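What you are looking at is a predicted structure, and each value in this text was computed from that prediction instead of being measured. All heavy atoms count here, side chains included; hydrogens, waters and symmetry mates do not.
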Amino acid sequence: MEEKQRKHHWARFSCKSTNIQAAKRFQNLSFLEVQGSGSLKYLLSSSTARYMMNVRHLHIIECKVMEEILHIDEEEILSDALFPRLECLFFENLPVLKRLCTDSNVEFPLLKKFSINNCPKLKTFAFRHASSNMEIVFTNLESLEQSLIDLEEKQQSQHWARSFCKITNMQTSIRFQNLSSLSVWGSDSFKYLLSSSIARSMVQVKYLYIVNCKAMEEILFIEDLGDEEEEEIIPKNLFPRLEVLELNGLPIVKRFCVGGNIEFKSMRLLLIEHCPKLKTFISKPSNSDTVMTVCKEIKEMNTEEIPRTVAIQPLFSEEVAFPSLEYLEISYVDDLEIIWDNQIPPYSFCKLQTMKVEFCENLMNIFQSDMLTRFGSLENLTITDCGSLQEVFQLQEQDAKETHDVTVIPLKELCLDRVPKLKYVWNKDPQGIFNFPNLNLDSTGSRSYWSDSVPSD
């Protein structure tokens, strides 16, 4: 107990001191961790922070009453470069933390990793008074992790997202120009992750992980810039350096974003798991009133009355392209009926080597034959636990009549397991149209899936 009191006394002295001579003692401090404090409402005064020029790691953990990290002294003016050598900033289990500081321009020129875990009251990074301008700059931030941000009041559930991720006017901006990794997991509040304007600035992001966010409906939202300005447009080369994207445990997500002709030119790996309501990756902008009216009319029809011309949206359409994608995994996407159609750009998926589809209960087929020529690099295909799957390759009658060139598909392994309604790999004879010279038929798990008319070469 005495030891805890001594530690606590040291923390109060070291972190709240406003005495200049005492503050100078921290000039060479490089690592500061405060853990388990039950009385600190703020960590540092601004006058003390000014002398912590060499702090590289700042970790604040399990401080039950801490409301802000930096307390601005009266009439104190901070320089833009706050903690100029700070590389790692870590907040964990701070139940009443509201912000980093109040009313200041904030810059972390060397910050590389920023992690926020279980800070339910954190609504904004820095609070700006109405009369002031503010810019938050993370010049060299490489990794941003956000976990368990659940706001107390439902009507303010998007306050953090708007304050942290969305530019609401020209007086406030947040810059992440060198961010290379962004991870968000365990949020029950976010309806979206980023605004389109913030996404445009994240040109260095290579890794994007969004996991277990129960309220998220889309990843990017298009900002309303006002009646006098044009609507924000998602750039064609979105996240130009993004290599890995994981969407996992998003029970109501509907799409990645609304846009058109978007290209993820550097993406190599795409994982979509436990996103049961995801039907299309990129939604084409449309008149919402018209869509609502059509949907209402269809809903009111009997099943027999629904017109056959009502199109089913594919997961990947002509609105998005993945020219460098090598690995694709789709699992537990319950509402998925069509993965792609023949409208996808001809260069999209041309480097796809491995594909895995699991637990997609409404999926009827994997490929339509008129688009197979796009998959000239596919070597491994695994399909398991797809209860409605009837065929892997859907060949149309006219293909055999209209095609004279034989397309070679380099597929080596085709693994099929627990697909109870599957009749054949092909619904028609592909001879003279497609050739699989490298395919091991035994890799399917059962030769009975192959039609007698399918050649074994």
**Study point:** Cys386/Cys360 under side chain to side chain contact (heavy atoms under 4.5 Å, CB included): CA gap, chis, key distance, verdict
**Key:** CA-CA 5 Å; Cys386 293; Cys360 295; 4.2 Å; yes
Check your understanding: For Phe322 and Phe316, what are the C-alpha separation, side-chain angles and deciding distance, and is it a ring pair (Phe, Tyr, Trp, His ring centres under 6.0 Å)?
Key -> CA-CA 10 Å; Phe322 302 90; Phe316 304 116; 5.4 Å; yes
Point to revise | Residue pair Ile210, Leu208: steps toward the side chain to side chain contact (heavy atoms under 4.5 Å, CB included) verdict | key: CA-CA 7 Å; Ile210 307 165; Leu208 178 56; 4.2 Å; yes
**Study point:** Salt-bridge present (Glu243, Arg268; N to O < 4.0 Å)
**Key:**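 Counted as a salt bridge, because a side-chain N and a carboxylate O are separated by less than 4.0 Å.
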Identify the heavy atoms of [X] and [Y] that sit nearest to each other, and give their distance.
X      : Y      : value
Pro345 : Arg374 : O-NE, 3.8 Å
Cys213 : Pro251 : O-CD, 3.8 Å
Leu363 : Ile338 : CD1-N, 4.1 Å
Asn365 : Gln368 : OD1-CG, 4.3 Å
Cys119 : Glu92  : SG-N, 4.4 Å
Lys236 : Asn261 : CG-O, 3.0 Å

Are any of the side-chain heavy atoms of [X] and [Y] separated by less than 4.5 Å?
X      : Y      : answer
Leu43  : Ile60  : yes
Val34  : Cys63  : yes
Ile262 : Cys257 : yes
Phe349 : Ile344 : yes
Leu352 : Leu328 : yes
Leu89  : Leu111 : yes
Val357 : Ser331 : no
Glu263 : Pro323 : yes

**Study point:** Aromatic contact, Phe239 with Tyr207 (centres under 6.0 Å)
**Key:**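 No, ring centres 6.0 Å or more apart.
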Check your understanding: What about His59 and Phe31, are their ring centers closer than 6.0 Å?
Key ->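 Yes, the ring centres sit under 6.0 Å apart.
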If you measure from [atom1] on [X] to [atom2] on [Y], what distance do you get to the nearest 0.5 Å?
X      : Y      : atom1 : atom2 : result
Leu58  : Cys88  : CG    : SG    : 8.5 Å
Glu217 : Ile252 : CD    : CD1   : 4.5 Å
Lys113 : Ser183 : NZ    : OG    : 7.0 Å
Lys421 : Ser388 : NZ    : OG    : 5.0 Å
Glu319 : Ile282 : CD    : CD1   : 8.5 Å
Met216 : Leu247 : CE    : CG    : 9.5 Å

Practice item. Indicate the ring-plane relationship of Phe256 and Phe264, choosing parallel, tilted or perpendicular according to the 30° and 60° boundaries. Key: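 Aromatic pair Phe256/Phe264 classed perpendicular.
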Practice item. Please work out which of the three classes, parallel, tilted or perpendicular, describes the rings of Phe436 and Phe393, given edges at 30° and 60°. Key: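 Geometry flag for Phe436 against Phe393: tilted rings.
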Would you mind telling me which of [options] makes a side chain to side chain contact (heavy atoms under 4.5 Å, CB included) with [X]?
X      : options                        : value
Glu379 : Met355, Lys412, Glu413         : Lys412
Ile383 : Val425, Asp417, Ile366, Leu422 : Ile366
Ile219 : Leu245, Leu193, Leu194, Val184 : Leu193

Point to revise | Other residues, nucleotides, ligands: >12 heavy atoms within 6.0 Å of Lys254 NZ | key: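 For Lys254, atom NZ is not crowded (no more than 12 foreign heavy atoms under 6.0 Å).
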Is [X] reaching over with its side chain to a backbone N or O of [Y], donor-acceptor style, under 3.5 angstrom?
X      : Y      : answer
Arg241 : Val203 : yes
Asn362 : Leu336 : no
Arg255 : Lys279 : no
Thr384 : Arg418 : no
Trp185 : Tyr209 : no
Thr280 : Pro314 : yes
Arg99  : Glu67  : no
Ser377 : Cys350 : yes

Practice item. I would like to know whether Gln343 and Asp341 meet side chain to side chain donor-acceptor pair (under 3.5 Å); could you show each step before the answer? Key: CA-CA 5 Å; Gln343 300 301 311; Asp341 59 21; 5.8 Å; no
**Study point:** side chain to side chain contact (heavy atoms under 4.5 Å, CB included) between Ser196 and Leu220, worked out
**Key:** CA-CA 6 Å; Ser196 50; Leu220 303 185; 5.7 Å; no
Practice item. With side chain to side chain contact (heavy atoms under 4.5 Å, CB included) as the test, would you mind laying out the steps for Ile61 and Phe90 before giving the verdict? Key: CA-CA 8 Å; Ile61 304 167; Phe90 187 79; 4.1 Å; yes
